[in-house]
Amino acid sequence: QVQLVESGGGLVQAGGSLRLSCAASGRTFSSYPMGWFRQAPGKEREFVAAISSCVRTTCVGTTYYAASVKGRFTISRVTDANTVYLQMNSLKPEDTAVYYCALDRIGGLPPRTASEYDYWGQGTQVTVSS
């Protein structure tokens, strides 16, 4: 059974930064693509970023970003720590949402749709004040 636990959310002023972490357990973490999604009140869950699986010890793979966060957010992963990160810079009030990490057990290129992910964390709240 896979467990994903997010952390690092909080309240930040516009223009500030946060780094979210997602710790995985219960499966060979490095073999699977990972993604970050977010959901604001009254809105559907939307794709934020995704990263491909690691190849042996190399975890700098294919990454995808939503247009709204490209250039401001960076997704990365560390095999030894079974952790995927989302570094968020130049935050805007419209980035306010609950952020979720997800794991795709099929592998291959990282998906950009929520329905293709099999395991989800409980979410962490990010609030950006203006």
Over 12 non-hydrogen atoms of neighbours within 6.0 angstrom of CD in Gln122 = yes
task = Report yes if the distance between the aromatic ring centroids of Phe47 and Tyr64 is under 6.0 Å, otherwise no.
result = no
query = What's the verdict on side-chain contact (heavy atoms from CB on, under 4.5 Å) for Trp36 and Met88, showing C-alpha distance, side-chain angles and the deciding distance?
reply = CA-CA 12 Å; Trp36 285 96; Met88 305 186 296; over 6 Å; no
ask   = Is there any side-chain hydrogen bond (donor to acceptor under 3.5 Å, both in side chains) pair reaching into residues 95-104, and which pairs are they, with sequence neighbours excluded?
value = Arg38-Asp95, Arg38-Tyr99, Arg72-Asp95
Closest non-hydrogen atom pair, [X] against [Y]:
X: Ser17; Y: Asn89; answer: OG-OD1, 2.9 Å
X: Tyr65; Y: Ala49; answer: CD2-CB, 3.7 Å
X: Ala40; Y: Ala97; answer: N-CB, 3.8 Å

ask   = If two hydrophobic side chains count as joined below 4.5 Å and joins carry through other members, does Phe37 share a cluster with Leu109?
value = yes
inquiry  = Membership question, hydrophobic clusters at under 4.5 Å side-chain separation (ILVMFWY): are Val84 and Val2 in the same one?
reply    = yes
Roughly how far, to the nearest 0.5 Å, is [atom2] of [Y] from [atom1] of [X]?
X: Asn82; Y: Cys22; atom1: CG; atom2: SG; answer: 10.0 Å
X: Leu4; Y: Thr83; atom1: CG; atom2: OG1; answer: 10.5 Å
X: Arg77; Y: Ser53; atom1: CZ; atom2: OG; answer: 6.5 Å
X: Phe73; Y: Leu20; atom1: CZ; atom2: CG; answer: 8.0 Å
X: Ser76; Y: Met34; atom1: OG; atom2: CE; answer: 11.5 Å

request  = Can you run down the salt bridge (Lys or Arg N to Asp or Glu O under 4.0 Å) pairs that involve residues 108-123, sequence neighbours left out, and say none if there aren't any?
outcome  = Arg105-Asp118
Matching residue for Val126 among Leu11, Val98, Leu86, Leu18 - test: side chain to side chain contact (heavy atoms under 4.5 Å, CB included) = Leu18
key: Charged tip of Arg19 within 45° of Tyr85 ring normal and under 6.0 Å   = yes
inquiry  = For Thr127, give me all partners under side-chain hydrogen bond (donor to acceptor under 3.5 Å, both in side chains), at least two apart in sequence or on another chain.
reply    = Gln125
ask   = With distance as the sole test, does Tyr117 use its side chain to make a donor-acceptor pair with the main-chain N or O of Pro111 at under 3.5 Å?
value = yes
